[in-house]
Amino acid sequence: MDMDILVCGVGGQGTVLASKLIASAAMSLGNTVHSAETIGMAQRGGSVTSHIRIGDNAYSPLIPLGSADVIIAFEPAEAVRNLMYLKKDGFVIVNRIPVKPTTESIHETGYDGVEMIEYIKKKCGCLVVDASELCGELGGKFYNSAILGAAAGTGRLGISPEALIAEIEGRVPEKFIEANKKVFSLGLKQAENFDL
Amino acid sequence: MKKEYIMGNSAIALGALAAGVNVVSGYPGTPSSEIVETIYKYPHEGVYLEWSVNEKAALEVAAAAAYSGARSMVTMKQVGLNVASDPLMSLAYVGVKGGMVVVSADDPGPISSQTEQDTRRFAEFARIPVFDPSSPEEAYEMIREAFEYSEKYSTPVLFRPTTRICHAYASVEVEDKASPKAYEGFVKDSKRWVIFPRLSYQNHEMIEKRNPEIGKDFSGYCRNTCEGGGSKAVFASGISYAYAKEYLKDIPDVKLCRIATPYPFPEDFVLKCLEGVDEVICLEELSPFVEEKLLRTVGRYGLNVKIKGKLSGDVKAAGENSADYAAKVLSGFIGREVPEKGLSLSDMPPLPVRPPVLCAGCPHRASFYAVKQAMKGRRSYFCGDIGCYTLGNAMPLDMVDTCLCMGAGITMAQGFNRVDKDGVCFAFVGDSTFFASGITGVVNAVYNEADMILCVLDNSTTAMTGHQPHPGTGRTMMGNVVEKVSITKILEGMGVKKIVTVDPLKLSEAVAAVRECADLKGVKAIIFKSPCIAVTKPAGKVSISDKCINCKKCIKEIGCPALILSEGKVAVDKGLCTGCGLCAQICPVNAIGGEC
């Protein structure tokens with residue numbers, strides 16, 4: 001299998017863990033995997049991306065522009081920021097809930113993510129997920145598993161939901177496993193009910 | 001052997017363990033920090049591991065181990081090599097007995113560094129070999145080979161990954177079990193280990209004879225490779241090889257040559273690569289190192305080969321390469337169209353900007369704010385340093401006037417004092433940076449009678465690079481709990497007469513301390529002591545009562561990311577707030593308080 005997946009969001013949203021789950025699930029299915037996280041100086045509140053390259057034909061750890069099969073975005077503007085990586089027939093799974101920049105309270109821009117979602121819909125195939133609705137009381141710390149579940153449900157990752165669940169069981173701290181699996185399955189269901 | 005999905009830095013660490021390394025030392029610095037941390041996390045019985053106080057100390061610890069026949073590795077980022085260059089330059093003359101690998105991680109971009117310097121230049125400057133891995137998998141193997149060459153030629157060697165190797169992940173085949181190498185121990189021989197002018201002269205002569213031999217040896221090194229054929233050749237090194245390979249994988253009529261050992265230059269190998277070639281492009285980052293070597297080779301042998309690269313203007317001079325940039329450059333070189341891929345996005349809406357900022361609840365914010373308040377209306381200089389607190393430059397704090405290199409803030413504050421007697425000169429330094437390179441600067445100030453205020457932002461960790469312990473934390477990488485080195489006692493011992501320790505989160509006390517120090521002569525020190533929010537439990541959260549008049553003073557004064565506007569009104573982001581309470585002390589109508 002050759003598959004390029006880009007995971008993006010804002011620092012602190014759990015993109016790194018999500019990308020590790022994808023990479024290790026792909027590896028457990030017998031694939032060669034390379035990945036790269038561009039974290040640098042970005043701490044909480046900065047843009048974060050993980051590039052995951054599955055298959056034997058990838059040499060660069062970063063996905064070339066216009067080559068990603070799937071973008072999994074935890075935040076609307078971050079999806080748009082990385083759209084240049086998407087293939088012409090690529091697919092985006094995007095969380096509807098915006099993260100306002102930390103400077104928003106000083107320099108108000110009124111950013112709410114709505115324009116971003118509209119733009120993505122205009123440009124490519126996408127599934128818009130409301131992670132807040134899926135996670136309910138559990139809150140923002142579980143967005144990553146919910147969105148990952150939705151991504152798995154689209155069938156576009158080339159990785160079975162079961163393989164990802166096995167990775168959640170193996171990599172997430174024990175007391176959070178059940179909650180993560182729960183929101184993962186809610187995401188999964190939402191994608192399955194969605195007409196792709 | 002087993003497959004592990006690991007970061008390039010982990011591959012370097014595990015490769016060193018597999019090579020039987022005995023002593024590992026280093027100083028944290030992005031992108032190199034995870035090498036030492038990986039060794040700490042994996043089984044490493046019999047291996048001595050330390051975070052040294054700085055890169056110079058780390059290199060000297062490793063050098064003595066290598067004098068004794070042990071295998072040693074020392075890790076740092078490229079600017080750290082500047083600090084370690086004093087011992088390195090001399091060590092290159094003296095040589096080693098056990099293998100010694102100096103890992104210096106370069107940072108093209110730069111992504112989190114002050115400079116785009118090139119460690120390959122340092123190798124040539126110091127006259128020692130350098131290894132340049134092009135993937136995490138290769139880095140794992142190459143470390144062992146670097147140890148072998150080091151022992152074969154009794155010389156320390158440099159190993160320089162770049163950020164995209166250090167932080168890339170790959171599935172790497174690693175040894176199940178490794179044990180440290182047996183070593184002879186130090187054999188006294190003052191003619192060998194004591195550097196004197198006569199020895200330096202002899203060894204300089206020896207080194208200049210030896211290096212072309214190493215170049216010949218490297219010509220047969222398995223990681224200097226040549227693929228494909230044709231009259232056009234691409235010379236690439238490090239991660240740029242992966243980018244070139246990505247583009248050339250379906251184009252067979254172009255040669256792809258990889259230089260894994262840029263110095264000593266493998267000239268015989270390169271001459272072979274150049275057979276039948278009339279045009280070359282060099283794809284490399286930072287400086288045109290390979291390009292210059294090729295120009296020299298072509299000149300020396302009178303070859304009719306055109307060499308393109310950074311010097312010819314065909315490749316950009318600064319910044320990092322990428323698969324896309326490589327595709328663009330190489331398309332031009334071989335006269336193909338750049339493939340148009342992806343969506344057309346010229347109508348993209350403006351995106352929110354997300355600059356890095358001090359975390360919500362970060363005590364540095366409170367320290368900066370206290371100094372800012374105390375110095376309102378007075379001419380003052382705020383000399384910053386390297387660490388999270390460099391982010392104190394951002395609006396609305398705007399409290400970093402200069403930042404040069406590790407420890408420079410302390411001595412630069414003295415320089416400003418020499419040219420402006422009436423200005424109040426501040427130096428802000430973190431606890432880890434104070435230990436690394438701040439102490440001598442304070443001695444300089446005391447000895448030369450400077451008027452300055454040293455602000456030690458003591459958050460009990462090395463926060464920026466990922467919370468490594470340091471001499472003030474009382475923990476070592478051998479897992480021992482040791483006596484904490486006291487910053488206060490160091491300052492006292494150096495002769496600093498006025499030393500105040502304050503909690504920056506108690507704003508009025510902190511402001512009073514700064515005001516008091518500002519009016520005194522000589523060297524004054526204020527230790528702002530409050531732990532990093534990432535290593536401590538949050539105190540709680542604040543909430544805003546209906547007394548709030550929405551003046552937004554809290555937002556405008558301190559710029560805490562937990563203070564947000566919700567439908568035009570000041571609100572607290574409960575997910576971010578740590579309950580530090582700084583905003584509550586700023587609010588003019590006491591509308592902010594602890595949560596009930």
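Protein chains get the first letters and strands the later ones, always in sequence-line order, with residue 1 at the start of each.
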Which region of [X], side chain (C-beta onward) or backbone (N, CA, C, O), has a non-hydrogen atom less than 4.5 Å from a non-hydrogen atom of chain A, or is it both or neither?
| X | answer |
| --- | --- |
| B:Leu351 | both |
| B:Asp573 | neither |
| B:Ile564 | backbone |
| B:Ser322 | neither |
| B:Lys249 | side chain |
| B:Val570 | neither |
| B:Glu340 | backbone |

Problem set entry | Ring centers of A:His51, A:Tyr85 separated by less than 6.0 Å |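 Yes - the distance between ring centres of A:His51 and A:Tyr85 falls below the 6.0 Å cut-off.
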
Exercise. Quick one: are the ring centres of B:Tyr169 and B:Tyr5 less than 6.0 Å apart?
Worked result: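 When the ring centroids of B:Tyr169 and B:Tyr5 are compared, they turn out to be within the sub-6.0 Å range.
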
Problem set entry | Results of side chain to side chain contact (heavy atoms under 4.5 Å, CB included) for A:Lys87 - residues two or more places apart only |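 In terms of side chain to side chain contact (heavy atoms under 4.5 Å, CB included), with neighbours along the sequence ignored, A:Lys87 is linked to A:Asp69, A:Asp89.
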
Exercise. Any side-chain heavy-atom pair from A:Val183 and A:Ser185 closer than 4.5 angstrom?
Worked result: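 Result no, sub-4.5 Å side-chain heavy-atom pair not found.
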
Problem set entry | Residue among B:Asp347, B:Leu563, B:Thr163 with most heavy-atom pairs under 4.5 Å to chain A |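 The residue among B:Asp347, B:Leu563, B:Thr163 with the greatest pair count is B:Asp347.
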
Exercise. Taking B:Val353, B:Leu345, B:Ile239 one by one, which has the highest count of heavy-atom pairs under 4.5 Å against chain A?
Worked result: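 The option with the most such pairs is B:Leu345.
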
Exercise. With B:Tyr247, which residues qualify under ring-ring contact (aromatic ring centres under 6.0 Å, His included), at least two apart?
Worked result: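 Counting only residues at least two positions away or on another chain, B:Tyr247 forms no ring-ring contact (aromatic ring centres under 6.0 Å, His included).
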
Exercise. Measuring heavy-atom distances to chain B, does A:Met84 have an atom under 4.5 Å in its side chain, in its backbone, in both, or in neither?
Worked result: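 A:Met84 touches chain B through backbone and side-chain heavy atoms alike.
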
Hey, which of [options] has the most heavy atom pairs under 4.5 Å with chain B?
| options | result |
| --- | --- |
| A:Glu78, A:Lys100, A:Lys20 | A:Glu78 |
| A:Pro76, A:Ala58, A:Ala77, A:Ser24 | A:Ala77 |
| A:Ser67, A:Ala36, A:Pro64 | A:Pro64 |

For this session: Check the pair A:Ser35 / A:Arg53 against side-chain hydrogen bond (donor to acceptor under 3.5 Å, both in side chains), numbers first and verdict last.
Result: CA-CA 6 Å; A:Ser35 69; A:Arg53 311 204 67 194; over 6 Å; no

For this session: Say whether, by atom type as modelled, one donor and one acceptor occur between the side chain of A:Ser60 and the main chain of A:Leu62 under 3.5 angstrom.
Result: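 Checked: pair present.
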
Problem set entry | Point-to-point distance, once rounded to the nearest 0.5 Å, from CG of B:Leu397 to CD1 of B:Ile558 |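 B:Leu397 atom CG to B:Ile558 atom CD1 measures 8.0 Å (nearest 0.5 Å).
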
For this session: Please test B:Ser240 against B:Asn321 for side-chain hydrogen bond (donor to acceptor under 3.5 Å, both in side chains), starting from the C-alpha separation and ending with a verdict.
Result: CA-CA 7 Å; B:Ser240 294; B:Asn321 291 340; 3.1 Å; yes

